[in-house]
*Asks:* 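Supplied in structure tokens, the structure appears directly below.
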Amino acid sequence: MDCRTASALIDAYLDGELDRAEARALEAHLDACPACAAALAESDALRRALRDPALRQAAPQELRERVQATLTQSATSDRTASYRPRSIRPAWWQLAAACVVAFAAGASLHVLDRNTTVAGNATQLSRDLFASHWRALAAASPFDVASSDRHTVKPWFAGRVAQSPLVRDFADQGFALAGGRIDYVGDERVAVLVYRHGRHWIDVFVLPAADAGALGTIAQRQGYTLETITLGGQPAAIVTDMDAQELANFAGLLQR
Ligand SMILES: [Zn+2]
């Protein structure tokens with residue numbers, strides 16, 4: 001991959017929109033190219049800065065009242081004007097009202113947005129986790145490092161994610177460690193432990209604490225189940241198509 005292609009893919013990468021092959025090709029380039037790695041870090045930092053709640057402003061009460069008044073006035077004059085030929089150009093006050101309404105709509109959406117953020121994050125997060133699991137199943141291999149040896153898998157995560165997860169093998173109990181991978185969930189890089197139980201693949205996502213608080217304990221989609229657990233003190237989510245009993249057994253082992 002050349003720098004031009006890499007820089008065109010950086011935003012999609014941060015949005016989690018690349019498939020795993022593309023993401024891996026980009027990561028290989030980023031490992032070798034300090035300039036593109038710097039561009040990614042910069043873009044990531046900008047995104048974080050723009051999410052700062054301090055940048056958002058709610059409309060003042062006085063403005064809300066004026067908008068209400070303008071809307072009432074506008075509705076009245078629309079009714080009286082309906083049988084008269086109308087000027088093609090909107091009057092200045094209509095334009096002004098439109099601007100105020102747009103601002104107010106933005107402001108009230110923001111209020112709504114704030115109230116639904118927690119639930120919205122949870123929904124988006126669980127959607128991302130299911131999508132990551134399915135993407136991995138569809139890929140040539142559901143892991144980036146293949147090993148049943150926790151002494152191989154754990155160090156592999158070091159340097160790739162902020163906190164290396166607790167890695168254990170449960171082959172004796174029927175849940176064999178198969179490997180690990182890094183995936184993007186939202187815009188966070190997360191460690192994924194991959195286990196195998198019979199014909200079932202199991203992903204264990206180790207989540208940033210801030211995200212996990214919003215996630216419910218269990219979610220289901222198209223025959224797959226997501227269950228949140230605590231793995232060595234870190235919040236985590238299991239995604240798999242195992243049945244409830246198998247999942248409970250596995251969750252019990254992980255949390256022991
Ligand atoms: Zn480059």
Side-chain angles (χ1 to χ4, degrees), residues 1-56 117 120-121 123-167 177-194 201 203-212 214 231 234-237 239:
M1 183 178 292
D2 60 15
C3 291
R4 241 180 90 161
T5 314
S7 68
L9 291 179
I10 281 175
D11 279 322
Y13 180 70
L14 289 173
D15 287 334
E17 284 165 357
L18 297 186
D19 65 33
R20 279 167 33 82
E22 285 176 314
R24 250 190 259 187
L26 178 63
E27 280 163 4
H29 180 84
L30 293 172
D31 281 344
C33 175
C36 288
L40 176 113
E42 203 173 295
S43 187
D44 193 27
L46 179 64
R47 282 156 180 262
R48 282 166 198 279
L50 286 175
R51 277 202 304 267
D52 184 348
L55 292 176
R56 294 184 173 211
T117 291
N121 280 352
T123 322
Q124 183 58 48
L125 179 58
S126 72
R127 209 179 290 145
D128 285 351
L129 295 174
F130 281 115
S132 169
H133 183 65
W134 294 332
R135 236 180 3 247
L137 292 179
S141 155
F143 36 70
D144 294 330
V145 57
S147 177
S148 58
D149 181 1
R150 66 196 178 87
H151 298 295
T152 304
V153 177
K154 188 170 170 78
W156 182 83
F157 281 116
R160 288 183 167 86
V161 285
Q163 203 181 343
S164 206
L166 176 65
V167 183
L177 177 66
R181 68 174 192 275
I182 298 289
D183 222 325
Y184 261 87
V185 172
D187 48 4
E188 304 273 2
R189 258 168 107 89
V190 299
V192 191
L193 302 174
V194 184
W201 286 105
D203 278 346
V204 180
F205 295 87
V206 183
L207 301 169
D211 288 353
L231 180 68
Q234 288 179 279
V239 180

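When a ligand or atom number is given, it counts from 1 through the structure's own listing order.
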*Asks:* Nearest heavy-atom pair of L177 and V153: which atoms, and what distance?
*Replies:*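 Heavy atoms only, the tightest pair is CD2-CG2, 4.0 Å.
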
*Asks:* Please name the pair of heavy atoms, one in Q234 and one in P165, separated by the smallest distance, quoted to 0.1 Å.
*Replies:* OE1-CA, 3.7 Å

*Asks:* Which pair of non-hydrogen atoms, one from V161 and one from A191, has the smallest distance, and what is that distance?
*Replies:* CG1-N, 3.7 Å

*Asks:* State which residue, out of F205, F143, F157, fulfils the side-chain contact (heavy atoms from CB on, under 4.5 Å) condition with L193.
*Replies:*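 With L193 as partner, F205, F143, F157 yield a single side-chain contact (heavy atoms from CB on, under 4.5 Å), made by F157.
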
*Asks:* Restricting to distances shorter than 2.8 Å, give the number of protein N, O or S atoms close to the Zn ion (ligand 1).
*Replies:* 4

*Asks:* Grab the two heavy atoms, one from V194 and one from P142, that are nearest each other, plus how far apart they are.
*Replies:*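 Scanning both residues completely, I find the closest heavy atoms to be CG2-O, 3.6 Å.
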
*Asks:* Taking NZ, NE, NH1 and NH2 as the nitrogens, is one of them in R181 or D183 under 4.0 Å from a carboxylate oxygen of the other?
*Replies:*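 So R181 pairs with D183 through a salt bridge.
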
